[in-house]
J.: 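Quick one: structure below, then a few questions.
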Amino acid sequence: MKVITTDVLVIGAGLAGERAAIASAQAGHDVTILSLVPPRRSHSAAAQGGMQASLGNAVKGKGDNPTVHWLDTVKGSDWGADQEVARIFADNAPIAMREMAHFGVPWNRVEGGPREVYIKGKKTTIVEDDEKEGLITARDFGGTAKWRTCYTADGTGHTVLYAMDNLAVQLDITIHDRMEALSLIHENGVCLGAIVRSLRDGEIMAYMAKTTVIATGGYGRLYGESTNAIINEGTGSWLALQTGKVPLGNMEAVQFHPTGIVPTDILVTEGCRGDGGLLLDVDEYRFMPEYEPEKQELASRDVVSRRMKEHILKGKGVQSSYGEHLWLDLRHLGEEHLTTKLREVYDICMYFIGVNPIKELIPVRPTQHYSMGGIRVNKDGQAYGMKGLFALGEVACWDMHGFNRLGGNSLAETVVAGMVVGNKIAEYTESAELIANVTLAEKFGKEQTDLIEHLLNNSGDEDVYALRDDIAELLKDHVHIFRTGEGLEKAVTGLKAILGRVKNVKVNANAPGMNPELSQALRIEGMAKQAYIIAKGALLRTESRGAHTREDYPARDDKNWLNRTLASWEVGADEPKFNYEPVGPLDLPPGDRGYGGGQMVDMDLTLEEYNAKVDAEQTALGKQASSEPMGIRLPKEAWREESPYKDAK
């Protein structure tokens with residue numbers, strides 16, 4: 001078996017992976033990136049709306065700062081976020097956006113003087129500051145107090161990814177595309193690399209490194225109906241889970257974006273509503289102000305999706321052969337706006353569903369979009385339970401998002417974590433040792449070749465695509481926007497049965513290399529186990545928080561559930577193990593988000609009592625020691641100087 005060595009092995013070539021690789025390459029380390037697809041085809045390129053950072057250049061962003069951004073993020077998370085990580089993110093986001101400009105990202109810029117915009121459905125004239133002319137501007141997004149979403153029209157992911165990939169090429173970073181990591185090589189709690197299969201010719205090889213990094217994106221395609229690329233099937237989180245050592249955090253926290261277009265489920269950006277788009281029902285009536293008088297179409301995503309589903313259930317959906325939907329109205333924004341600042345939305349609607357948004361309404365419905373959960377890591381990005389392993393981006397539970405993320409925060413997280421965690425990876429690698437244990441690599445390699453041999457030659461009769469569709473159907477029917485104990489029990493039972501069927505999968509196509517059926521068969525166990533963890537975690541969490549809405553437990557319960565789910569699956573075990581840890585150090589006490597309504601059960605501990613137990617309990621569950629003490633990046637009560645808290649003094 002071929003063995004390739006490097007200092008830093010990055011699995012995943014999207015924005016998070018490439019930015020982290022750049023940090024290590026700039027520090028002088030040898031870096032190799034593996035990717036299922038050519039880097040510029042990574043799912044990061046599909047991101048449209050923008051990246052949040054408190055630059056405060058636009059007139060509607062005046063007075064913004066990292067503390068206000070942090071407040072919005074913590075509230076958006078429904079207090080499920082690690083508040084220190086959220087602060088690290090908010091503090092570094094402005095630096096990262098300016099760095100992206102230096103790297104060549106053509107951000108939209110402030111144009112001084114008056115301009116017309118739509119705010120809460122009304123056409124309004126605002127006057128941009130002439131002194132800010134030429135600085136990075138921002139648009140409005142949901143759940144925010146200020147306009148802070150930096151953007152390049154509606155192709156932000158595309159432009160930033162191309163800039164990152166250009167820099168990776170300039171730094172001579174080795175990139176091996178059409179390669180799929182099948183398992184991690186590890187021993188005695190230390191990760192030494194990965195076993196990898198070439199999608200070109202089927203060769204199994206080992207990549208061994210001082211530091212291994214997972215940055216493979218989310219697991220959205222478990223749901224079938226998703227805005228995610230078809231490669232987003234939870235392959236990276238499965239790499240960690242199958243070790244039996246590394247837990248996944250908050251897997252039941254699944255975000256549904258309000259505006260997936262019908263019937264393709266392709267995303268049209270939140271920037272549509274940020275720029276003034278309206279949601280209409282079957283009667284072409286604008287309904288969101290009735291549910292959310294203050295935020296209207298720009299409440300947080302979990303709230304807007306829930307309100308849309310609620311409205312459909314009241315009989316106000318539009319009937320179609322593809323199921324019920326609602327309308328997104330952009331017609332009033334005009335042709336110039338739609339063909340410049342929302343040009344990708346215009347093209348997607350025209351090419352994929354034959355709708356001209358200049359003249360017609362866009363059919364939309366809430367669609368699975370993002371996974372707040374993932375590989376549990378500490379604030380340096382180090383995985384719980386295993387040294388030498390880091391994770392960042394959507395695949396990680398770094399946990400700045402808690403149970404709901406704000407639009408624009410995840411795309412920004414890719415480059416902020418890529419910078420912050422990327423520097424920690426480089427520092428770790430500086431003192432790490434390369435252990436090229438070929439015997440160990442061959443052992444893990446044989447496990448994968450034996451599995452492939454079994455899939456190609458066993459006497460089973462299970463079709464892998466049928467299993468994949470059965471998983472999606474159970475999640476769609478029972479682990480969606482609204483959840484009940486009865487429905488979740490059905491999902492858990494059904495997914496348990498699917499796990500029993502996985503071992504009988506038979507691959508009929510025997511091509512050694514480019515063999516989609518074999519690739520799907522190699523992923524199906526991980527997909528089934530992660531789906532089971534999502535459903536079981538949702539069943540066990542008897543409260544409603546953020547995107548996790550239990551109709552039978554409607555209250556957010558800070559007394560019993562102000563914690564993070566950790567799920568691990570020991571090798572050979574029939575069931576995962578669930579544990580719970582504190583969310584992290586608290587500075588902003590749990591309270592009302594200011595939108596979404598709902599009941600609350602107050603915590604019965606003081607902040608001091610809660611914070612006193614955080615570090616010990618997290619460490620007991622596998623947290624690695626970070627490079628600096630817990631809480632040092634969380635300034636005490638800085639939020640008291642911001643509205644509405646300052647006004648209430």
Side-chain angles (χ1 to χ4, degrees), residues 11-12 16-17 20 73-74 76-86 88-89 213-220 222 232 234-243 245-255 369-386 389-406 409-410 413-414 416-418 420-421 424 526 529-530 533-534 536-538 540-541 545-548 561-569 576-585 614 617-619 621-624 626 630:
I11 303 169
T73 300
V74 173
S77 78
D78 219 355
W79 273 267
D82 182 314
Q83 295 190 14
E84 183 181 22
V85 170
I88 292 169
F89 165 74
V213 182
I214 302 177
T216 53
Y219 52 76
L222 296 184
N232 287 22
T235 54
S237 36
W238 170 232
L239 287 175
L241 183 66
Q242 67 177 292
T243 65
K245 307 290 184 183
V246 181
L248 305 183
N250 280 353
M251 291 292 279
E252 67 270 32
V254 181
Q255 182 173 89
H369 178 62
Y370 188 81
S371 43
M372 276 76 74
I375 301 168
R376 183 67 182 120
V377 299
N378 68 8
K379 67 179 179 180
D380 291 346
Q382 291 178 292
Y384 276 34
M386 188 163 291
L389 179 64
F390 288 74
L392 71 160
E394 188 175 353
V395 75
C397 185
W398 193 30
D399 205 13
M400 55 169 279
H401 303 301
F403 272 77
N404 176 70
R405 78 160 175 86
L406 297 181
N409 263 2
S410 68
E413 180 194 9
T414 62
V416 174
V420 174
V421 174
K424 298 299 182 183
K529 285 186 173 179
Q530 289 177 88
I533 287 172
I534 293 167
K536 188 70 174 286
L540 294 174
R541 182 171 285 273
R545 184 181 299 272
H548 172 68
W561 287 105
L562 188 58
N563 56 33
R564 181 179 299 106
T565 306
L566 297 181
S568 56
W569 206 308
K577 182 186 297 183
F578 286 89
N579 290 295
Y580 297 90
E581 66 172 8
V583 296
V614 173
E617 291 192 14
Q618 291 185 344
T619 300
L621 291 169
K623 183 180 76 171
Q624 307 280 345
S626 55
M630 185 192 75

J.: Taking only residues two or more places apart in sequence, or in another chain, which ones meet Tyr580 in a ring-ring contact (aromatic ring centres under 6.0 Å, His included)?
T.: Trp561
J.: List the steps, then state whether side chain to side chain contact (heavy atoms under 4.5 Å, CB included) holds for Ile533 with Leu241.
T.: CA-CA 11 Å; Ile533 287 172; Leu241 183 66; 3.8 Å; yes
J.: List the residues meeting salt bridge (charged side-chain N to carboxylate O under 4.0 Å, His left out) with Arg545, not counting sequence neighbours, and say none if there are none.
T.: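 Glu543, Asp558.
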J.: Mind listing the closest non-hydrogen atom pair of Tyr219 and Gly373 along with its distance?
T.: CE2-O, 4.1 Å
J.: Mark yes or no for whether Asn250, through its side chain, and Ala253, through its backbone, hold a donor-acceptor pair below 3.5 Å.
T.: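 The answer is no, because no donor-acceptor pair under 3.5 Å joins these two groups.
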J.: Show the nearest heavy-atom pair for residues Leu566 and Gly249, with the distance to one decimal.
T.: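 Minimum heavy-atom contact is CD2-CA, 4.1 Å.
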J.: Starting at CD1 of Ile214, measure out to CG of Leu389 and round the result to the nearest 0.5 Å.
T.: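 One gets 4.5 Å once the value is rounded to the nearest 0.5 Å.
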J.: Say whether Ser626 and Gln382, considering side chains only, have a donor N or O and an acceptor N or O under 3.5 Å apart.
T.: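 Note: Ser626 and Gln382 side chains miss the donor-acceptor criterion.
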J.: Does Lys424 NZ have over 12 foreign heavy atoms under 6.0 Å away?
T.: yes
J.: Using 0.5 Å steps for rounding, measure from the CG atom of Asp399 to the CZ atom of Phe89.
T.: 13.0 Å
J.: Between Ala547 and Asn404, what is the shortest heavy-atom contact and its length?
T.: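 So the two residues come closest at N-CB, 4.3 Å.
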J.: Salt bridge (Lys or Arg N to Asp or Glu O under 4.0 Å): which pairs involve residues 370-379, sequence neighbours left out?
T.: Glu84-Lys379, Arg376-Glu581, Lys379-Glu628
J.: If you round to the nearest 0.5 Å, how far is CG of Leu392 from OG1 of Thr216?
T.: 10.0 Å
J.: Check salt bridge (charged side-chain N to carboxylate O under 4.0 Å, His left out) between Glu413 and all other residues, then give those that pass, not counting sequence neighbours.
T.: none
J.: Under the rule for salt bridge (charged side-chain N to carboxylate O under 4.0 Å, His left out), what residues qualify as partners of Asp78, not counting sequence neighbours?
T.: Arg556, Arg593
J.: Are the side chains of Val614 and Glu617 in contact, using a 4.5 Å heavy-atom criterion?
T.: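 A side-chain contact under 4.5 Å is absent here.
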J.: Would you give the length of the straight line joining atom CD1 of Ile375 to atom OG1 of Thr243, rounded to the nearest 0.5 angstrom?
T.: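 These two atoms lie 9.0 Å from each other.
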J.: For the residue pair Met251 and Gly374, what are the closest heavy atoms and their distance?
T.: SD-N, 3.8 Å
J.: Drop me the distance from Ile534's CD1 to His548's NE2, to the nearest 0.5 angstrom.
T.: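 NE2 of His548 is found 12.5 Å from CD1 of Ile534.
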J.: Going by heavy atoms in the side chains, are Arg564 and Asp82 under 4.5 Å from each other?
T.: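 A side-chain contact exists here, since the closest heavy-atom pair is under 4.5 Å.
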J.: Between Asn563 and Phe403, which heavy-atom pair has the shortest distance, and what is it?
T.: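 Minimum heavy-atom separation between Asn563 and Phe403: O-CE1, 4.4 Å.
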J.: So, for Ala567 and Phe578, which heavy atoms are closest and what is the spacing to 0.1 Å?
T.: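 Closest heavy-atom pair between Ala567 and Phe578: CB-CE2, 3.8 Å.
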J.: With Ala81, which residues qualify under side chain to side chain contact (heavy atoms under 4.5 Å, CB included), at least two apart?
T.: Ser77
J.: Pair Glu394, His401 - check side chain to side chain contact (heavy atoms under 4.5 Å, CB included), show working.
T.: CA-CA 10 Å; Glu394 188 175 353; His401 303 301; over 6 Å; no
J.: Can a donor-acceptor pair be found, under 3.5 Å and without considering hydrogens, that links the side chain of Tyr370 to the backbone of Ser410?
T.: no
J.: How long is the gap from CD on Gln624 to OH on Tyr384, to the nearest 0.5 Å?
T.: 10.0 Å
